[in-house]
Amino acid sequence: MDEKTTLAWNLYTELRQELVTSQKLRTQIIGGKITFVSAAIGIIISESEDIPFSTLFVPAYFAVFFDYLIASYSFSIKRIGFYCRKVLEQQMQKGWKKKDRFLLWESFLQRKQAWQNFALIGNLGLSFLALLAALTGGVYDILTFEKTDWALAYYGFLSIIAVLSIALIYLYWRSVRAQHHAQVNFREEEEGLLLKEKEESGSESDTVD
């Protein structure tokens, strides 16, 4: 391998290790979120005689901040993958003969067949459940006039729910948009490679003639 290809391979190896570390940290944060939110909701419901149901907004509020932290690691992982796919993998394949080329890992992950949204649905699904619990608890306290001042509960609760809803919708929209752009970019990249191969094949034919 030449110097640039060797450097690309070394960078690829280091970034893959960083990517795996980020994935592990993200998994730990998701586990912490599940534990905290579930435990907080369980404690509030079990102690409902002393704790108003409207305080269910606390785990829902923290769930959103967990989502922001999880999203930051997700974007970091996607950024590493993008650089590996667009720069390093292309550098490593330079000089390869056409018959020796194959799809490298990060490029393969952009194929539609390799996509899955189960983690996203599970993570945001828990946040929506926490939000639903907070909404139900707040409405219950407001309607029964128990354990909370009606006006404070009403205006404070609606403000918090609005912030939480906007934050969750924003996170979901950013994720869907990122996946859509990745799919479009991959299609353009594939079309460009096919066109380049046709041009190379045509130039080789002209040389032979």
Side-chain angles (χ1 to χ4, degrees), residues 1 3-40 58-94 101-131 160 162-193:
M1 292 190 294
E3 184 178 349
K4 287 186 177 180
T5 304
T6 302
L7 177 60
W9 171 252
N10 292 335
L11 282 173
Y12 192 85
T13 303
E14 292 294 328
L15 288 174
R16 283 294 304 173
Q17 292 177 353
E18 182 180 340
L19 187 148
V20 171
T21 301
S22 297
Q23 289 177 328
K24 289 180 179 179
L25 290 173
R26 183 178 63 177
T27 302
Q28 292 174 359
I29 294 171
I30 293 174
K33 171 189 172 181
I34 294 173
T35 302
F36 174 82
V37 173
S38 302
V58 175
Y61 196 72
F62 274 95
V64 173
F65 284 99
F66 273 114
D67 288 335
Y68 274 114
L69 191 57
I70 293 166
S72 69
Y73 277 101
S74 297
F75 291 139
S76 175
I77 291 168
K78 290 179 180 179
R79 184 169 58 243
I80 293 173
F82 181 84
Y83 180 74
C84 290
R85 181 175 65 256
K86 290 290 187 179
V87 179
L88 300 182
E89 289 187 352
Q90 292 186 11
Q91 177 62 40
M92 287 188 291
Q93 290 194 23
K94 283 185 178 179
R101 293 181 184 177
F102 61 93
L103 199 63
L104 296 179
W105 179 245
E106 290 297 336
S107 298
F108 168 75
L109 290 179
Q110 285 303 301
R111 288 185 175 272
K112 190 174 182 180
Q113 294 85 347
W115 292 2
Q116 59 88 13
N117 294 319
F118 298 120
L120 176 65
I121 295 172
N123 180 46
L124 294 184
L126 177 61
S127 297
F128 277 114
L129 288 176
L131 185 62
I160 291 170
V163 172
L164 292 176
S165 300
I166 292 171
L168 288 175
I169 292 171
Y170 174 76
L171 284 173
Y172 179 76
W173 173 76
R174 282 295 299 270
S175 177
V176 172
R177 185 185 179 195
Q179 289 188 354
H180 173 71
H181 283 305
Q183 184 179 10
V184 171
N185 291 336
F186 183 73
R187 286 177 180 173
E188 293 176 351
E189 183 180 346
E190 278 192 327
E191 291 173 359
L193 288 174

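The aromatic rings of Tyr12 and Trp9 lie parallel to each other, their planes meeting at an angle below 30°, with 60° marking the opposite boundary.
The shortest non-hydrogen separation linking Tyr73 to Ile29 is CE1-CD1, 3.4 Å. Considering all non-hydrogen atoms of both residues, Phe108 and Leu103 come closest at CA-CD2, 3.6 Å. Heavy-atom minimum distance, Thr5 versus Met92: CG2-CA, 4.0 Å. When all heavy atoms of Ser22 and Ile77 are compared, the pair lying nearest together is CB-CG1, 3.8 Å. Heavy atoms only, all atoms of each residue included: Ala130 and Ala60 are closest at O-CB, 3.6 Å. For Val37 against Pro59, the heavy-atom pair with the smallest separation is CG2-O, 3.9 Å.
Within the structure, ring pair (Phe, Tyr, Trp, His ring centres under 6.0 Å) contacts touching residues 15-40 (residues at least two apart or in different chains) are Phe36-Phe62.
If you take CG on Asn123 and CG on Asp67, they are separated by 4.5 Å, rounding to the nearest 0.5 Å. Taking CG of Leu104 as the reference point, atom SG of Cys84 lies at 10.5 Å (rounded to 0.5 Å). The CD atom of Gln91 lies 10.5 Å from the CD atom of Gln93; values are rounded to the nearest 0.5 Å. The distance from the CD1 atom of Ile30 to the CD1 atom of Ile70 is 4.5 Å, given to the nearest 0.5 Å. Leu109 CG to Arg85 CZ: the interatomic distance, rounded to the nearest 0.5 Å, is 8.5 Å. The distance from the CG atom of Leu15 to the CG atom of Asn10 is 11.0 Å, given to the nearest 0.5 Å.
Between the side chain of Thr27 and the backbone N or O of Gln23, at least one donor-acceptor pair lies under 3.5 Å.
In this view, Arg16 and Glu106 satisfy the salt bridge (Lys or Arg N to Asp or Glu O under 4.0 Å) rule, not counting sequence neighbours.
A heavy-atom distance below 4.5 Å is not found between the side chains of Leu11 and Val87. A heavy-atom distance below 4.5 Å is found between the side chains of Lys33 and Ser127.
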